[in-house]
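In what follows, a single structure is set out as structure tokens and then discussed.
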There are 2 protein chains.
Amino acid sequence: MQTGSPSLPQVAALIGEPARASMLTALMAGKALTATELALAADISCQTASSHLAKLVGAGLLQVLKQGRHKYFRLRDGQVAGLIETMLNLSISLLPVNIRTGPPDPALRRARICYDHLAGELGVRLYQGLQQAEFIDERDAQASVTEKGKAFFQEKGCDLSALERRKRPLCRACLDWSERSHHLAGSLGQWLLEDILTRDWARRQPDSRVVLLSPTGEKALYRNYPLAKQ
Amino acid sequence: MQTGSPSLPQVAALIGEPARASMLTALMAGKALTATELALAADISCQTASSHLAKLVGAGLLQVLKQGRHKYFRLRDGQVAGLIETMLNLSISLLPVNIRTGPPDPALRRARICYDHLAGELGVRLYQGLQQAEFIDERDAQASVTEKGKAFFQEKGCDLSALERRKRPLCRACLDWSERSHHLAGSLGQWLLEDILTRDWARRQPDSRVVLLSPTGEKALYRNYPLAKQ
DNA sequence: TTAATGCTTCGATGGGCATCGAACTATGCA
DNA sequence: TGCATAGTTCGATGCCCATCGAAGCATTAA
């Protein structure tokens with residue numbers, strides 16, 4: 001399938017089909033998934049999944065990677081992920097005020113992956129802590145790293161100048177789905193999540209967006225990074 | 001119609017219907033429109049429009065204002081407008097690179113309204129000019145007003161401290177649909193457009209997003225604000 | 001009151017598309 | 001070579017929903 005040039009309603013309609021929306025949100029975890037995994041996630045047969053996936057790839061929302069007899073699908077880039085997150089945010093804010101509970105799973109509220117960076121309560125507290133420590137400066141709901149912050153992150157082993165050379169913005173404030181407040185996105189946000197995972201402070205729960213901190217990992221996180229109070 | 005709590009696919013599906021998408025983009029001009037006007041914009045009968053509008057209002061995407069026998073509809077808020085603009089941008093960036101022509105109407109490419117601020121070639125050049133003059137500082141694709149800029153805007157009659165007291169961010173970089181580059185959004189962007197209109201340098205073309213500059217208005221704009229070269 | 005305008009409700013029609021069974025291709029494994 | 005698994009194509013089915021004609025309600029103007 002080669003749709004060519006999807007217009008606004010076409011893109012929206014692609015996301016608007018429940019099965020496809022399930023697949024897309026499943027891919028929000030940032031991992032590439034196979035066609036069958038996505039069929040399971042959306043609770044449909046794999047024939048149906050195949051046709052949906054062909055449409056999503058044809059429109060350019062998904063990238064596909066063939067590996068042996070498997071086909072791995074992932075979101076095309078952060079822009080697509082950003083759109084999904086924006087829509088999630090909007091659909092939350094459309095809810096009547098008193099029912100805004102956020103995701104039902106408490107672990108998901110606590111810490112989860114938003115495409116490639118940390119979201120949830122911990123993500124928000126980390127972002128606020130970085131601000132309070134004046135490592136990050138937020139003006140007009142936009143963020144940048146301060147001189148003090150540059151020193152801090154470099155000391156943590158982050159090659160900021162390498163990150164800055166990328167096309168992607170270093171530091172972006174991403175509105176949190178469950179917390180209704182910002183967390184850190186951009187390439188620095190990505191680096192931070194990777195740092196937390198490679199130091200083995202936390203593990204990703206398989207097949208979900210949940211990030212699970214070990215008790216020692218949690219302590220280490222508190223020692224190494226400034227977190228705002230609850 | 002009282003949908004109550006629209007989920008992500010529901011929101012997307014609402015936008016995904018071509019007629020509804022036409023109405024929503026018509027409302028991107030920021031003006032409130034009546035049901036019949038929207039029916040015309042979407043090229044459908046008013047019965048059909050009525051049912052579409054009921055759904056959009058029920059989901060909370062539109063606000064409705066009853067005035068005599070007329071019903072005025074407008075986008076609920078900037079968040080909804082932001083989503084539409086995000087989707088427009090994405091659908092543009094999904095196009096094959098060599099066909100990215102932007103809107104067909106040249107006047108629309110030159111200057112148009114993006115919800116409540118100026119977009120198009122002039123919007124982009126204005127934003128870039130403000131940066132070059134160091135009135136606005138952009139880091140990591142995010143903008144803030146410099147001290148120099150504050151003095152400049154205050155001299156132009158803009159009560160910046162009043163704008164800053166609002167919840168809305170003062171200064172936001174909004175990715176331009178046709179130019180693939182940023183223009184100024186946020187409350188300062190809104191003020192700037194209003195300033196241009198109240199000084200009568202430009203007029204809005206009825207029933208469209210086009211902003212039409214008079215010859216003298218264009219000169220005045222060049223005199224009063226820094227515009228980047230073509 | 002009557003007529004005109006703006007909008008809505010109801011009901012019938014039709015088209016688009018998601019769905020899955022069945023059959024098929026492609027890859028990997030033994 | 002044969003079997004299992006991953007994914008696709010085709011065709012038939014059925015549902016959802018956009019559409020509009022006709023009739024109805026509400027508001028304004030005369």
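To find a chain, count down the sequence lines: A is the first, B the second, and so on, and within it residues start at 1.
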How close or far is atom C1' of D:dA18 from atom CG of B:Leu14, stated in whole angstroms?
13 Å
Could you list by number each residue of residues 22-39 of chain A showing a heavy-atom separation from DNA chain D of less than 4.0 Å, or answer none if no residue does?
A:Thr34, A:Ala35, A:Thr36
Checking A:Glu194 now: which residues fulfil salt bridge (Lys or Arg N to Asp or Glu O under 4.0 Å) with it, not counting sequence neighbours?
none
Using the side chain to side chain donor-acceptor pair (under 3.5 Å) rule, collect all pairs that involve residues 11-29 of chain B, keeping only residues at least two apart or in two chains.
B:Arg20-B:His52
Taking the minimum atom-to-atom distance to the side chain of A:Ser50, which one of C:dT8, D:dT8, D:dG7 wins?
D:dT8
Which pairs, with at least one residue in residues 84-93 of chain A and sequence neighbours excluded, count as a salt bridge (Lys or Arg N to Asp or Glu O under 4.0 Å)?
A:Glu85-A:Arg209
Holding to salt bridge (Lys or Arg N to Asp or Glu O under 4.0 Å), I want the full list of residues that pass it with B:Asp200, two or more places apart in sequence or in another chain.
B:Arg203
Can you check each nucleotide of nucleotides 16-30 of chain C against protein heavy atoms at under 4.0 Å and return B for base, S for sugar-phosphate only, - for none, in 5' to 3' order?
--SSBBB----BS--
Using whole Å, report how far CG of B:Leu40 lies from C1' of C:dG6.
13 Å
Integer-rounded Å distance: D:dT9 P and A:Leu53 CG
12 Å
How would you list, by chain and number, every residue that makes a salt bridge (Lys or Arg N to Asp or Glu O under 4.0 Å) with B:Arg204, sequence neighbours excluded?
none
Using the side-chain contact (heavy atoms from CB on, under 4.5 Å) criterion, which residues pair with A:Thr198? Sequence neighbours excluded.
A:Asp195
Should the ring pair A:Tyr225 and A:Trp201 be called parallel, tilted or perpendicular, given that the plane angle runs from 0 to 90° and is split at 30 and 60?
perpendicular
Would you please name every residue forming a side-chain contact (heavy atoms from CB on, under 4.5 Å) with A:Gln47, sequence neighbours left out?
A:Ser45
